[in-house]
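Keep in mind that the numbers below use all heavy atoms, side chains included, and drop hydrogens, waters and symmetry copies. In what follows, chains are A, B, ... by sequence order, proteins preceding strands, each numbered from 1.
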Amino acid sequence: MNTATGGEETGGRSLRAQMASELRERLKEGRPLRVYLGADPTRPSLHIGHFVPVQKLRVWQELGHQVVFLIGDYTGLIGDPTGQSSERKRFTHEQLMEMAKDYTQQVFRLLDPEKTEVRFNGEWLSKLSFAQIIELAAIFPLKWIVSRRDFADRLARGESLRLHETLYALMQGYDAHALECDVQVGGYDQHFNLLAGRWIQEHFGRKPHICWTYPLLMGTDGRKMSKSYGNSIDILDTPEDMYGKCMRISDDLLPSYIDLTTNFAPAEAEALKARLREKGVNPMEIKKQVATNLVTQYHGAEAAQAAGDQFQRVVQDKALPDDIPEIALPAELAGAPIAWVDLIVALNLAASKGEVRRLIAQGGFYVEQETITDPAATRAPGGTTLVRMGKRRYFKIVG
RNA sequence: GGGGAGAUUCCCGAGUGGCCAAAGGGAACAGACUGUAAAUCUGUCGGCGUACGCCUUCGAAGGUUCGAAUCCUUCUCUCCCCA
């Protein structure tokens, strides 16, 4: 059964079409729908890739539907095995509750706390009896579980796969049932977990919820978005960083960013994507609109405007940024001329003298906006000196 | 428990006695150009020295050798196959 395999190829057109038609039916009921997103608080800091469903939840919220944000304090005890190539590190309930604080704080950058129902799945999962778990477990043919690509791969490679991991989907599915929701949103990889909710709801004679999933958002360079790749845009980024990182999105990824991260009205989004396909249109202009939209969502229109202005000034017009960090010279370095190479290393602004020399040799070291070409150049003591290393690392050395 | 493969500079990955600070790719950094911090092109990419050079590095510790990432011994860890 195709829909049970849980991989990114699942679902397919027919399922999506079915979900769309079920959603249309449900909307005809004319009441606010309960739309839920669950997340396990197993990561300390989040990026906009994690936030694609959150961003969509906000759209639902703005349309007047009841949005539920579920914190997986119990599912987090297992850790979602979806897409994992090995057993996950497990957290204690205390750790999870601690991380949940940061988590909700970040989520409320987008969602309206007043209008959001926040729940913890420990509320019901902790109360299930063994008999109830048996009943739930009986819903899932083992074949569905072991044919999921992630599990199948691990089994094929002879790697550890433990029973508790196979229960994850059951737990998430039960959440959907307990929350009596109409729609569950999630990443595309969550198909299996979302469908589990439908099976459980159907088992209990309920109308199954609609599964609404979103494709994976790639990092700004086209690889998987990950903090360690340095290609992520993080929820807690400053407006300037967020804007700048948006401008760094590869041109060909722009359409997916428009779809997944902005809250343009559908027609507007389509228009932007159409513009991108036109000849002679500078993608930069559209990228700026995406950046402004994104920063506005997280920081407000004013901050977005300011960030855009700063980008224009600093990057495009190559002017000085607003606040350049000042570095006061420690006593032992002050008072005498010192070679730039030594100074920069002493201040920990570079890992080695060779690195600074290289920068100078390549014409990327500037003092008071003048390129330094002599690797032995020194700085005279006293006063404030503006230093620029490379494209955008500015410092003021004082003392 | 038995058999096999492997651990290389940030990552992947070549390298089986000197030409190896170590191919190639990726990332990163710089410069050029541009339509942006995109794309493209060029360069750099262990440390110290202006420099012929010196020092440290190829899982760990020893050993063989004029000379080892490459050979031997032991150890640690990882993966695969069989039971």
So, under a plain 3.5 Å distance rule, would you say the side chain of [X] forms a donor-acceptor pair with the base of [N]?
{"X": "A/D251", "N": "B/U36", "value": "yes"}
{"X": "A/Q362", "N": "B/G31", "value": "no"}
{"X": "A/R248", "N": "B/A38", "value": "no"}

[N] to [M] separation - [atom1] atoms, rounded to the nearest Å:
{"N": "B/A38", "M": "B/C52", "atom1": "P", "answer": "35 Å"}
{"N": "B/C79", "M": "B/G43", "atom1": "C1'", "answer": "39 Å"}
{"N": "B/C19", "M": "B/A68", "atom1": "C1'", "answer": "15 Å"}
{"N": "B/U64", "M": "B/G53", "atom1": "P", "answer": "30 Å"}
{"N": "B/U70", "M": "B/U57", "atom1": "C1'", "answer": "15 Å"}
{"N": "B/G18", "M": "B/C71", "atom1": "P", "answer": "11 Å"}
{"N": "B/C20", "M": "B/A14", "atom1": "C1'", "answer": "12 Å"}
{"N": "B/G4", "M": "B/U8", "atom1": "P", "answer": "22 Å"}

Nearest-nucleotide comparison on RNA chain B, the residue closer to the 5′ end among A/C246 and A/G363: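 Checking each residue's closest nucleotide, the 5'-ward one belongs to A/G363.
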Relative to the 5' end of RNA chain B, which residue comes earlier, A/G364 or A/V281, by the nucleotide with the nearest heavy atom?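 Nearest nucleotide further toward 5': that of A/G364.
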Just to be sure I understand the rule, does [X] reach a base, reach only the sugar-phosphate, or reach nothing, if contact means heavy atoms closer than 4.0 Å?
{"X": "A/G244", "result": "base"}
{"X": "A/R392", "result": "base"}
{"X": "A/K288", "result": "nothing"}
{"X": "A/K245", "result": "nothing"}
{"X": "A/Y366", "result": "sugar-phosphate"}
{"X": "A/F365", "result": "nothing"}

Return the value, rounded to whole Å, for the distance between atom [atom1] of [X] and atom [atom2] of [N].
{"X": "A/I360", "N": "B/A30", "atom1": "CD1", "atom2": "P", "result": "14 Å"}
{"X": "A/I233", "N": "B/A38", "atom1": "CD1", "atom2": "P", "result": "13 Å"}
{"X": "A/E285", "N": "B/A38", "atom1": "CD", "atom2": "P", "result": "16 Å"}
{"X": "A/D221", "N": "B/A39", "atom1": "CG", "atom2": "C1'", "result": "14 Å"}
{"X": "A/M284", "N": "B/C33", "atom1": "CE", "atom2": "P", "result": "17 Å"}
{"X": "A/M389", "N": "B/A37", "atom1": "CE", "atom2": "P", "result": "20 Å"}
{"X": "A/N231", "N": "B/G26", "atom1": "CG", "atom2": "P", "result": "16 Å"}
{"X": "A/L254", "N": "B/A37", "atom1": "CG", "atom2": "C1'", "result": "14 Å"}

From CA spacing to verdict: side chain to side chain contact (heavy atoms under 4.5 Å, CB included), A/E117, A/F69: CA-CA 6 Å; A/E117 179 179 328; A/F69 180 64; over 6 Å; no
Ignoring hydrogens and angles, state whether a donor on the side chain of A/H203 or A/E135 is under 3.5 Å from an acceptor on the partner side chain.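 Their side chains do contain a donor-acceptor pair, which is all the 3.5 Å distance test asks for.
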In terms of side-chain heavy atoms, does A/Q66 have a donor or acceptor partner in A/K115 at a distance below 3.5 Å?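 No, no side-chain donor-acceptor contact under 3.5 Å.
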According to the Watson-Crick and G-U wobble definitions, with both distances under 3.5 Å, which nucleotide is paired to [N]?
{"N": "B/U57", "answer": "none"}
{"N": "B/U16", "answer": "none"}
{"N": "B/A7", "answer": "B/U76"}
{"N": "B/C41", "answer": "B/G31"}
{"N": "B/G67", "answer": "none"}

State which of [options] makes the closest approach to the side chain of [X].
{"X": "A/R223", "options": "B/A38, B/A27, B/C48", "result": "B/A27"}
{"X": "A/S250", "options": "B/A27, B/A39, B/U36", "result": "B/A39"}
{"X": "A/K318", "options": "B/A27, B/C48, B/U34", "result": "B/U34"}

Do A/L170 and A/L142 sit in one hydrophobic cluster, given that two such residues count as connected whenever their side-chain heavy atoms are within less than 4.5 Å of each other, even indirectly?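 In one cluster with A/L170: A/L142, yes.
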Hydrophobic clusters here meaning ILVMFWY residues chained together by side-chain heavy-atom distances under 4.5 Å, can you tell me if A/F140 and A/L195 are in one?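 Yes, A/F140 and A/L195 fall within the same hydrophobic cluster.
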Report the relative orientation of the aromatic rings in A/H65 and A/W60; use parallel for angles under 30°, tilted for 30 to 60°, perpendicular for over 60°.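 Correct class here is perpendicular.
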What class does the angle between the rings of A/Y36 and A/H209 fall in, given that below 30° is parallel, 30 to 60° is tilted and above 60° is perpendicular?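 Rings of A/Y36 and A/H209: tilted, as their planes differ by 30° to 60°.
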Phosphate oxygens OP1/OP2 of [N]: is one of them under 4.0 Å from a side-chain N or O of [X]?
{"X": "A/T220", "N": "B/A37", "value": "no"}
{"X": "A/R358", "N": "B/G43", "value": "no"}
{"X": "A/R357", "N": "B/C48", "value": "no"}

Here's a test for you: under salt bridge (charged side-chain N to carboxylate O under 4.0 Å, His left out), which of A/K207, A/K28, A/R16, A/R198 qualifies with A/E22?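 Option passing the salt bridge (charged side-chain N to carboxylate O under 4.0 Å, His left out) with A/E22: A/R198.
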